[in-house]
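Heads up, the thing below is written out as structure tokens.
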Amino acid sequence: MTRGTLLDQLAAELAACRRHHRTLADQLEAARAEADEREAVVRELTEQVRVLGEENRRLEALLREVPDVYRRKFSERLEAVAERIERLLAENAHLRRTAAADARRWAALEALMAAQPQSPPRLAPPPVGGR
């Protein structure tokens with residue numbers, strides 16, 4: 001082989017190496033760009049995991065409070081019902097006392113009328129609770 005042929009071969013190999021180097025450089029640049037994109041995605045996902053973790057902890061805390069809130073609300077509602085029951089029981093006792101007093105007065109009035117020689121016609125009893 002002659003020197004010119006060797007130089008031509010070396011020049012061709014050098015050109016092929018340069019093309020291969022350029023291809024590898026382009027591939028490296030594309031890989032770096034892809035790695036940068038993936039890092040950005042990882043950072044975004046990491047931030048989402050952090051935010052969702054905080055939200056999860058907040059919701060777990062609320063969930064732990066639910067039984068206490070339920071008991072408190074139930075107690076508040078039950079308190080109103082208990083007060084209403086107390087008022088109804090007091091009203092019932094008052095009405096029973098009034099009815100008993102009216103019945104005693106009615107019996108006394110009937111006895112008084114029965115003792116009179118000519119008693120007028122019997123009166124109907126008053127309605128319960130009325131006077």
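For clarity, every value in this text was computed on a predicted model and none was experimentally measured. Worth knowing before you read on, the calculation uses all heavy atoms, side chains too, and leaves out hydrogens, waters and symmetry mates. This chain uses plain numbering: 1 for the first residue, then up along the sequence.
Grouping Ile, Leu, Val, Met, Phe, Trp and Tyr by side-chain contacts under 4.5 Å, direct or through others, puts Leu62 with Leu59. Taking a 4.5 Å side-chain heavy-atom cut-off between Ile, Leu, Val, Met, Phe, Trp and Tyr, the cluster of Leu89 extends to Val81, Ile85. Hydrophobic cluster membership of Val41, counting Ile, Leu, Val, Met, Phe, Trp and Tyr whose side-chain heavy atoms lie under 4.5 Å apart directly or via other members: Leu45.
With rounding to the nearest 0.5 Å, the separation of CZ in Arg3 from CG in Leu10 is 11.0 Å. Here the straight-line distance linking atom CZ of Arg58 with atom CD of Glu55 works out to 4.0 Å at 0.5 Å rounding. Note that CG of Leu112 is 14.5 Å distant from CZ of Arg105, once rounded to the nearest 0.5 Å.
With sequence neighbours left out, Glu60 forms a side chain to side chain donor-acceptor pair (under 3.5 Å) with Asn56. The salt bridge (Lys or Arg N to Asp or Glu O under 4.0 Å) check on Arg22 picks up Asp26, with sequence neighbours excluded. Take Arg71 and apply the side chain to side chain donor-acceptor pair (under 3.5 Å) test, not counting sequence neighbours, and it matches Asp68. Take Arg38 and apply the salt bridge (Lys or Arg N to Asp or Glu O under 4.0 Å) test, not counting sequence neighbours, and it matches Glu34. By the salt bridge (Lys or Arg N to Asp or Glu O under 4.0 Å) test, Glu79 pairs with no residue at all, sequence neighbours left out. Partners of Arg84 under the salt bridge (Lys or Arg N to Asp or Glu O under 4.0 Å) rule, at least two apart in sequence or in another chain, do not exist in this structure. In this view, Arg96 and Asn92 satisfy the side chain to side chain donor-acceptor pair (under 3.5 Å) rule, not counting sequence neighbours.
Note on residues 4-21: pairs passing side chain to side chain donor-acceptor pair (under 3.5 Å), not counting sequence neighbours, are Thr2-Thr5.
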Per-pair distances, 0.1 Å, donor-acceptor, side chain in residues 46-54, under 3.5 Å, sequence neighbours excluded:
residue : atom : partner : partner atom : Å
Thr46   : OG1  : Val42   : O            : 2.7
Glu47   : OE1  : Arg50   : NE           : 3.1
Glu47   : OE2  : Arg50   : NE           : 3.4
Glu47   : OE2  : Arg50   : NH2          : 2.4
Arg50   : NH1  : Glu54   : OE1          : 3.4
Arg50   : NH1  : Glu54   : OE2          : 2.4

